[in-house]
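Below is one structure, written out as structure tokens; comments come after it.
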Amino acid sequence: YLNLMATLIGKNITLRALEPEDLDFLFSTENNEIFWKISNTQLPFSKYILKKYIENAHQDIYEAKQYRFVICNAINVPVGMIDLFDFSPQNNRVGVGILLLPEYQNKGFGVEALELIVDYVFTYLNVHQLFANIASENLKSISLFEKFNFKQVGIKKDWIFSNATYEDEILYQLITDKNISGNSSI
């Protein structure tokens with residue numbers, strides 16, 4: 001348990017579970033229309049629904065197949081979220097998505113959060129691969145994921161419809177070099 005927690009504490013950030021006091025942060029983030037395109041949201045969420053979501057956020061990733069971490073800066077202020085989703089223990093893979101509030105972008109928080117998550121999923125979830133779906137116009141995210149050696153493996157043409165236009169979505173993968181037994185392959 002202590003080792004697990006240590007992997008989620010970086011130099012400038014901490015990745016932590018959702019807490020009841022995150023309700024206002026979650027409400028303002030989930031209902032901010034600038035994020036709707038990347039989260040496939042079309043309607044605002046009520047505080048009641050989000051409170052229920054937080055109450056169930058304690059579910060184990062093996063049960064819920066997803067987990068949301070809050071990204072907090074050094075003074076424990078939430079600056080964004082990083083989600084694991086579509087977890088498949090059978091296929092040893094999990095998706096990752098990251099959202100940083102605009103005022104906290106370009107400050108290294110995304111780099112550190114992704115670094116912590118990559119280490120966490122390969123070490124503790126023992127997955128073979130991590131994947132991300134990134135809108136083709138989201139150059140900041142593309143740069144971030146490519147910095148961690150995620151490889152573009154496909155393009156979903158006209159996948160996202162927003163502002164009366166279609167946009168492609170790019171599928172990225174990061175595949176570990178460990179084989180099933182946990183030994184690194186050469």
Side-chain angles (χ1 to χ4, degrees), residues 3-32 34-41 45 50 53-54 56-89 92-127 129-135 138-150 169-176:
N3 266 345
L4 174 61
M5 291 309 294
T7 63
L8 301 176
I9 299 171
K11 291 179 183 159
N12 303 299
I13 65 160
T14 303
L15 302 183
R16 63 164 176 78
L18 277 170
E19 299 288 347
E21 57 268 17
D22 292 321
L23 180 61
D24 289 335
F25 166 69
L26 200 58
F27 182 78
S28 65
T29 305
E30 291 289 355
N31 290 319
N32 187 333
I34 66 169
F35 300 128
W36 283 11
K37 180 170 78 170
I38 59 170
S39 65
N40 293 318
T41 301
F45 288 95
L50 293 172
Y53 174 75
I54 291 171
N56 291 314
H58 68 279
Q59 282 186 311
D60 184 90
I61 190 168
Y62 286 91
E63 183 181 350
K65 307 299 183 215
Q66 63 184 13
Y67 197 84
R68 171 166 286 173
F69 293 92
V70 176
I71 304 168
C72 293
N73 65 13
I75 56 172
N76 204 31
V77 172
V79 300
M81 295 174 280
I82 190 162
D83 292 349
L84 296 175
F85 63 91
D86 291 347
F87 177 51
S88 175
N92 296 314
R93 68 175 176 246
V94 66
V96 61
I98 188 166
L99 179 147
L100 286 171
L101 298 176
E103 61 268 32
Y104 296 107
Q105 293 177 6
N106 301 314
K107 297 184 183 327
F109 296 130
V111 170
E112 198 169 343
L114 190 55
E115 182 177 26
L116 289 170
I117 276 298
V118 166
D119 183 53
Y120 169 74
V121 300
F122 287 134
T123 303
Y124 294 100
L125 295 183
N126 202 30
V127 298
Q129 69 173 281
L130 193 54
F131 67 90
N133 303 301
I134 304 173
N138 190 342
L139 302 181
K140 287 180 185 177
S141 280
I142 289 170
S143 174
L144 172 64
F145 281 84
E146 287 181 351
K147 189 178 292 185
F148 283 89
N149 295 315
F150 277 74
E169 185 174 83
I170 305 169
L171 173 60
Y172 279 88
Q173 289 176 297
L174 178 64
I175 299 177
T176 184

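Reckoned from all heavy atoms, side chains included, excluding hydrogens, waters and symmetry mates.
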Please round to the nearest 0.5 Å and tell me the distance separating atom [atom1] of [X] and atom [atom2] of [Y].
X	Y	atom1	atom2	result
L114	K147	CG	NZ	10.0 Å
N92	T176	CG	OG1	10.5 Å
N12	I75	CG	CD1	12.0 Å
C72	M81	SG	CE	11.0 Å
S143	I134	OG	CD1	10.0 Å
Y124	I61	OH	CD1	14.5 Å

Measure the shortest side-chain to side-chain distance between [X] and [Y] over non-hydrogen atoms and say whether it is less than 4.5 angstrom.
X	Y	answer
N76	T14	no
L15	I82	yes
F145	I98	yes
L130	I175	no
K65	V94	no
E115	F148	yes
Y120	L125	yes
L144	F150	no

Legend entry - Carboxylate-amine/guanidinium proximity below 4.0 Å for R16 and D22: yes
Legend entry - Ring centre gap for F85 and F87 strictly below 6.0 Å: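 So the answer is no for these two rings.
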Could you tell me which non-hydrogen atom of [X] sits nearest to which non-hydrogen atom of [Y], and how far apart they are?
X	Y	value
P78	L101	O-CD1, 4.1 Å
Y67	A17	OH-CB, 3.1 Å
I142	Y172	CG2-OH, 3.3 Å

Inset, instruction - List the steps, then state whether side chain to side chain contact (heavy atoms under 4.5 Å, CB included) holds for F131 with V96. - result: CA-CA 6 Å; F131 67 90; V96 61; over 6 Å; no
Legend entry - Single hit among V70, L99, I71 for side-chain contact (heavy atoms from CB on, under 4.5 Å) with V79: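 Answer to the side-chain contact (heavy atoms from CB on, under 4.5 Å) test with V79 among V70, L99, I71: I71.
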Side chain [X], main chain [Y], donor-acceptor under 3.5 Å:
X	Y	value
Q173	Q129	no
E112	K11	yes
T123	D119	yes

Inset, instruction - Check step by step if side chain to side chain contact (heavy atoms under 4.5 Å, CB included) holds for L116 and I13. - result: CA-CA 10 Å; L116 289 170; I13 65 160; 3.9 Å; yes
Inset, instruction - Report the C-alpha distance between F69 and D83 in whole Å, list the side-chain angles of each, state the deciding distance to 0.1 Å, and finish with yes or no for side chain to side chain contact (heavy atoms under 4.5 Å, CB included). - result: CA-CA 6 Å; F69 293 92; D83 292 349; over 6 Å; no
Inset, instruction - Could I get the full list of side-chain contact (heavy atoms from CB on, under 4.5 Å) partners for N149, not counting sequence neighbours? - result: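 In terms of side-chain contact (heavy atoms from CB on, under 4.5 Å), with neighbours along the sequence ignored, N149 is linked to K151, L174.
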